[in-house]
Peer 1: 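My structure is below; once you've seen it, I'll send some questions.
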Amino acid sequence: MKLYEFQGKRIFRQYGLPVPQGTLVVTAEELTKLAPPLVLKAQVLVGGRGKAGGVKLCRNKEELSGCFSELMRKQIKGEVVRAILAEEKVDILQEYYLAITIKGGDATPVIIASAAGGVDIEQVARENPERITTVPFSPFFGPTEYHVRTVARGLGYSDYRELKEIVFKLYRIFRDLDATLVEINPLAQTPTGLLALDAKMVLDDKASFRQQQVLVQLRQEQSSLLGVAVEPALNDDTITYVPLSGTVGLISDGAGTGMLTLDLIKDAGGQAANFCEMGGITSPEVMYSALSKVLANAEVRSLLVVLIGGFNRMDEMAAGILKYREDHGLKVPIVVRMCGTMEEEGKEMMRQAGLTTYDDLLQAVQDAVQFAGGKE
Ligand code: ADP
Ligand code: MG
C-alpha cells in the first residue's frame with residue numbers, strides 16, 4: 001500500500017524525523033487562514049509531481065489562491081488532485097537522496113543514498129549510477145554505525161551524528177510498519193540542519209495481518225479524504241500477482257499449480273504475461289479480482305485458468321468467471337481447466353454460458369499458447 005506524502009510525513013514526525021511545518025487543505029477557505037510564503041504540494045500517489053507542475057511556490061495571497069485552484073483542477077499522470085499539503089518554504093542548500101528498501105535479487109534490506117537527490121534522481125540512477133551508494137545491512141540487527149559511516153561518505157555529509165539519527169529513525173519506521181520502501185527525496189540540507197522535504201512510503205500488503213490497525217486507519221483516511229476506493233482487505237491477503245513479460249495470462253487456485261503451469265506454458269513454446277494465484281481457498285469474489293488484475297495487462301492475448309478444486313469449489317469459480325464476463329466482457333479467448341470439488345456443477349454452469357472447459361491440462365496449456373499467437 002502506497003501512502004500519500006502527508007501521511008508519510010506524519011509518521012516521520014511521530015518518529016522524530018525532521019519535517020517542515022505543513023497543513024493539509026482541501027478547500028480554498030482553509031488556505032486563507034495560512035500565511036505565505038508557502039509551497040503548495042498536490043497529494044497524489046504517483047511520483048515526479050515537481051516536474052509535472054504539482055509543487056508550487058506561492059509568495060503572496062494572490063499566488064496562493066491562484067495556485068490552489070490550478071492544482072485542484074489538475075490531473076497528475078492521470079491522478080486527480082483532491083488535497084494539497086501547504087508547507088513552509090524551506091531554504092535548500094543541497095538536496096540528498098536517502099531510502100531504505102529491500103533489494104529483491106539479493107534478498108537483503110539496503111540503505112540507498114546519493115548526494116545528487118531531488119527531482120532528477122531517476123536520471124542520475126541511469127546516467128551516473130556511481131553517484132548512488134547502496135549499503136546492504138543485516139535484517140536481524142538493522143543498520144549499525146559502520147553502515148551509517150558508509151552512507152555519510154557516499155553523501156559527503158560531515159555531520160555524522162545528525163545523519164545517524166535520521167538513518168536509525170528511518171529504519172525504525174521501515175521495520176515497525178513492515179514497509180518495503182521508505183524514501184526521503186529530497187533530504188534537504190538547510191541552514192538549520194537536515195529536513196525531509198518529501199516522503200514516500202510503501203507498506204507491505206503481505207504483512208497486513210499484523211498491521212491491521214495502522215492499515216485500516218490509513219486506508220480510511222485515504223478513502224474519506226481523497227475519495228479513493230478502499231480495496232477490500234481480502235484482495236491483499238489472498239491474491240498474489242506476478243507481472244511477467246509474455247502474452248498468456250495465467251490464473252491458478254494455488255501457487256504450486258501455478259508454478260507447474262508456468263513451466264508447461266514454457267514447454268509449449270509460450271510465455272506467461274502474468275500470473276495470479278488465489279491462495280488456495282477462494283470465492284467468486286476472489287476469482288473476479290484475479291480476472292481484473294490479470295486482464296488489466298494489455299499484453300494478454302489469451303487467458304488460462306487452471307483450477308484443482310480441493311477446498312476450492314468449481315461452481316464458485318465458474319460463478320466468478322461468469323460474473324466478470326457479464327460485467328466487463330472477455331476480450332481474449334479464455335481456456336479453463338477445472339477439476340475436483342463440485343466439478344460437474346461448475347462445468348455445467350460454464351457450458352450453459354457457452355464456455356467450454358478442459359479436462360486435460362496439457363491440452364489446455366497448448367490451446368492457450370496457440371490462442372495467444374502460438375510459439376514465440
Ligand atoms: P516530487 O518528488 O513528487 O517531485 P517533492 O516533494 O520532492 O515532489 O518536491 C519537488 C521539489 O520541490 C523538491 O526537490 C524541492 O526542491 C522542492 N520543494 C518541495 N517542498 C519544498 C518546501 N517545503 N520548500 C522548498 N522547496 C520545496
Ligand atoms: Mg520527491
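Both ligands and their constituent atoms are indexed starting at 1 by order of listing.
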Peer 1: Check whether NZ of the Lys or CZ of the Arg Arg301 lies under 6.0 Å from the centre of the six-membered ring of Phe371 and within 45 degrees of that ring's axis.
Peer 2: no

Peer 1: Show the short N or O contacts, below 3.5 Å, that ligand 1 makes with protein N or O atoms; if there are none, say 'none'.
Peer 2:
unit_1	atom_1	unit_2	atom_2	d
ligand 1	2 (O)	Asp198	OD2	3.0
ligand 1	3 (O)	Arg49	N	2.9
ligand 1	3 (O)	Arg49	NE	2.8
ligand 1	4 (O)	Arg49	N	3.3
ligand 1	4 (O)	Gly50	N	2.7
ligand 1	6 (O)	Lys41	NZ	2.7
ligand 1	6 (O)	Arg49	NH2	2.9
ligand 1	6 (O)	Asp198	OD2	3.3
ligand 1	7 (O)	Asn185	O	3.1
ligand 1	7 (O)	Asp198	OD2	3.0
ligand 1	8 (O)	Arg49	NH2	3.1
ligand 1	14 (O)	Glu95	OE1	3.3
ligand 1	14 (O)	Glu95	OE2	3.1
ligand 1	16 (O)	Glu95	OE2	2.4
ligand 1	20 (N)	Lys41	NZ	3.2
ligand 1	23 (N)	Glu87	OE1	3.0
ligand 1	23 (N)	Glu88	O	3.0
ligand 1	24 (N)	Val90	N	3.0

Peer 1: Please test Gln222 against Tyr4 for side chain to side chain donor-acceptor pair (under 3.5 Å), starting from the C-alpha separation and ending with a verdict.
Peer 2: CA-CA 8 Å; Gln222 292 194 353; Tyr4 287 93; 5.2 Å; no

Peer 1: Give every protein N, O or S atom lying under 2.8 Å from the Mg ion (ligand 2), naming each by residue and atom.
Peer 2: Asn185 O, Asp198 OD2

Peer 1: If only side-chain N and O atoms count, and only distance matters, is there a donor-acceptor pair under 3.5 Å linking Gln220 with Ser223?
Peer 2: no

Peer 1: Under 6.0 Å between ring centres, would you say that holds for Tyr241 and Phe275?
Peer 2: no

Peer 1: So does Gln123 get a backbone contact from the side chain of Asp120, meaning a donor-acceptor N/O pair under 3.5 Å?
Peer 2: no

Peer 1: Could you tell me if Asn312 and Glu316 have a donor-acceptor pair between their side chains, going purely by distance under 3.5 Å?
Peer 2: no

Peer 1: Can we call the ring centroids of His147 and Phe168 under 6.0 Å apart?
Peer 2: no

Peer 1: Quick test of your reading of the model: are Glu122 and Arg126 salt-bridged, counting only N-O distances below 4.0 Å?
Peer 2: no

Peer 1: Do Asn185 and Asp198 have side-chain atoms, one donor and one acceptor, less than 3.5 Å apart?
Peer 2: no

